[in-house]
Structure formats: C-alpha cells, structure tokens
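Quick note: numbers below take in every heavy atom, side chains included, and nothing from hydrogens, waters or symmetry partners. Heads up: numbering here begins at 1 and tracks the sequence.
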Amino acid sequence: EEEYIMESSCLSCGMPLAGNENKKSGGKFCTYCSDEQGNLLPREQVKQGIVQWLTSWAPKKDSADFSKRAEHYMQAMPAWTDC
C-alpha cells in the first residue's frame with residue numbers, strides 16, 4: 001500500500017500527481033518541483049515553494065519559522081532524504 005501512495009504523489013513535495021503530473025519526469029515529480037524536461041528543481045527553489053505553501057495555510061504568518069518547517073518537511077520526502 002505504501003508503494004501506491006508514493007507512485008501517486010510527488011517524491012519531492014508529496015502533492016498528489018493526478019492532474020498535476022509532469023509527464024517528462026516519469027510521474028516522479030509534480031510541475032512545481034520539476035522543470036520542463038522533468039528534472040527535479042534545485043533544493044532551495046523547491047523549499048521556497050513549500051515555504052509559500054505553508055505560509056498560505058497559517059493563521060498567524062509572523063509567528064512561525066516557515067523556512068525551518070519546510071526544511072523539516074522536506075527531510076521526510078524521498079527526493080531529499082540523501083541531501
């Protein structure tokens with residue numbers, strides 16, 4: 001079951017790939033985490049996207065270190081486990 005989840009989610013950010021899949025990446029990364037050739041974007045660029053996403057969900061945007069939270073989140077993602 002875990003394998004199915006990974007196949008249907010971006011290995012970089014966890015976004016569901018249904019309807020957002022970058023076909024050139026072979027279904028590994030979403031369009032937010034990959035370039036036009038399907039290559040994974042640089043870590044810092046992906047991290048900034050995750051920071052923006054986390055910020056959009058926060059009721060108090062000035063009370064949290066979103067960069068630190070994004071870093072922690074990325075450590076759990078398969079694309080970044082060796083970084």
Side-chain angles (χ1 to χ4, degrees):
E1 176 137 351
E2 186 175 322
E3 185 177 324
Y4 171 76
I5 293 169
M6 296 314 295
E7 287 179 7
S8 63
S9 301
C10 175
L11 298 179
S12 173
C13 72
M15 175 180 274
L17 290 176
N20 187 19
E21 191 172 354
N22 185 330
K23 302 296 182 197
K24 293 181 180 173
S25 75
K28 292 181 183 180
F29 309 115
C30 70
T31 55
Y32 297 104
C33 294
S34 58
D35 62 18
E36 287 108 23
Q37 290 76 40
N39 301 311
L40 183 62
L41 293 172
R43 180 183 181 86
E44 193 58 33
Q45 190 172 346
V46 172
K47 180 180 168 184
Q48 288 309 310
I50 293 173
V51 167
Q52 290 175 354
W53 174 69
L54 291 171
T55 303
S56 73
W57 284 93
K60 292 186 176 182
K61 296 179 182 1
D62 59 358
S63 65
D65 183 348
F66 294 103
S67 181
K68 191 177 220 178
R69 288 182 181 193
E71 200 56 53
H72 184 70
Y73 181 85
M74 290 174 76
Q75 289 174 355
M77 301 311 302
W80 307 111
T81 55
D82 293 334
C83 298

According to the salt bridge (charged side-chain N to carboxylate O under 4.0 Å, His left out) rule, which pairs have a member within residues 48-57, sequence neighbours left out?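 Listed once each, the pairs would be none.
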By side chain to side chain contact (heavy atoms under 4.5 Å, CB included), which residues pair with Q37, not counting sequence neighbours?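 For Q37 the side chain to side chain contact (heavy atoms under 4.5 Å, CB included) partners, ignoring immediate neighbours, are D35, N39.
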Among all residues two or more places apart in sequence or in another chain, which pass the side chain to side chain contact (heavy atoms under 4.5 Å, CB included) test with Q75? H72
Side-chain donor-acceptor contact under 3.5 Å, Q52 with Q48: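 No pair is found: no donor N or O on one side chain lies under 3.5 Å from an acceptor on the other.
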Could you go through the side chain to side chain contact (heavy atoms under 4.5 Å, CB included) check for S12 and C30 one step at a time? CA-CA 8 Å; S12 173; C30 70; over 6 Å; no
Main-chain N/O of R43 paired to W80 side chain as donor or acceptor, under 3.5 Å: no
Y32 side chain to I50 backbone, donor-acceptor under 3.5 Å: no
Under the side chain to side chain contact (heavy atoms under 4.5 Å, CB included) criterion, do S34 and L40 qualify, and how do the steps go? CA-CA 4 Å; S34 58; L40 183 62; 5.8 Å; no
Output, in order, the C-alpha distance, side-chain angles, deciding distance and verdict of side chain to side chain contact (heavy atoms under 4.5 Å, CB included) for L17 and S8. CA-CA 6 Å; L17 290 176; S8 63; 5.8 Å; no
Taking atom [atom1] of [X] and atom [atom2] of [Y], what is their separation to the nearest 0.5 Å?
X: F29; Y: M77; atom1: CZ; atom2: CE; value: 10.0 Å
X: T31; Y: E36; atom1: OG1; atom2: CD; value: 11.0 Å
X: K28; Y: C10; atom1: NZ; atom2: SG; value: 11.5 Å
X: M74; Y: K47; atom1: CE; atom2: NZ; value: 8.0 Å
X: F66; Y: W53; atom1: CZ; atom2: CH2; value: 11.5 Å

Would you call P78 and L11 a side-chain contact if the rule is heavy atoms closer than 4.5 Å? yes
Which heavy atom of V51 sits nearest a heavy atom of S67, and at what distance? CG2-CA, 3.8 Å
